[in-house]
Amino acid sequence: MITFQSTVGGKPATPALVEPDPVSRMADAMLHIAGGGRTVDKDALSLMGFSAAEIDRYGIEARDLANAREQSRAA
C-alpha cells in the first residue's frame, strides 16, 4: 500500500526552493541573446529580466562564463 507522509523527520516533505545561480542564469541569457545575432548589452539583459543591480554585480563573471561555455561547445 502506498501512503503519503506530510512530514519526514518532523520537517515538511516539500522540496526546498533552490534559486539557480544568478551568474549561470545570466551567462545562459547572454548566450541566448548572442545566438539570436543581437548585441549583448545592459538593455538586452534588462529585457531578459535582469535588474541593473544584477547586471552590475554579475555581468563580468557571467560574460566570462558565457565565453568559456561557448569555447567548450566549439571544441
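Residue numbers count from 1 along this sequence.
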Measure the spacing between CD1 of Ile33 and CE of Met26 and express it to the nearest 0.5 Å. 9.5 Å
Which residues pass the side-chain hydrogen bond (donor to acceptor under 3.5 Å, both in side chains) test with Arg57, not counting sequence neighbours? none
Any pair with a residue in residues 59-75 that passes salt bridge (Lys or Arg N to Asp or Glu O under 4.0 Å), sequence neighbours left out, goes on the list, sorted by first then second residue, please. Asp28-Arg69
N/O donor to acceptor pairs below 3.5 angstrom from side-chain atoms of residues 35-50, sequence neighbours left out:
{"unit_1": "Asp41", "atom_1": "OD1", "unit_2": "Asp43", "atom_2": "N", "d": "3.3"}
{"unit_1": "Asp41", "atom_1": "OD1", "unit_2": "Ala44", "atom_2": "N", "d": "2.8"}
{"unit_1": "Lys42", "atom_1": "NZ", "unit_2": "Asp56", "atom_2": "OD1", "d": "2.8"}

Minimum heavy-atom distance between Ala62 and Ala27, given as atom pair plus value: O-CB, 3.5 Å
Shortest non-hydrogen contact from Gly59 toward Met30: O-CE, 3.6 Å
Among all residues two or more places apart in sequence or in another chain, which pass the side-chain contact (heavy atoms from CB on, under 4.5 Å) test with Ser51?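 Listed in chain order: Ala53, Glu54.
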Got a sec, which hydrophobics cluster with Ile60, joining ILVMFWY side chains under 4.5 Å apart, including via others?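 Besides Ile60, the hydrophobic cluster comprises nothing; the residue is isolated.
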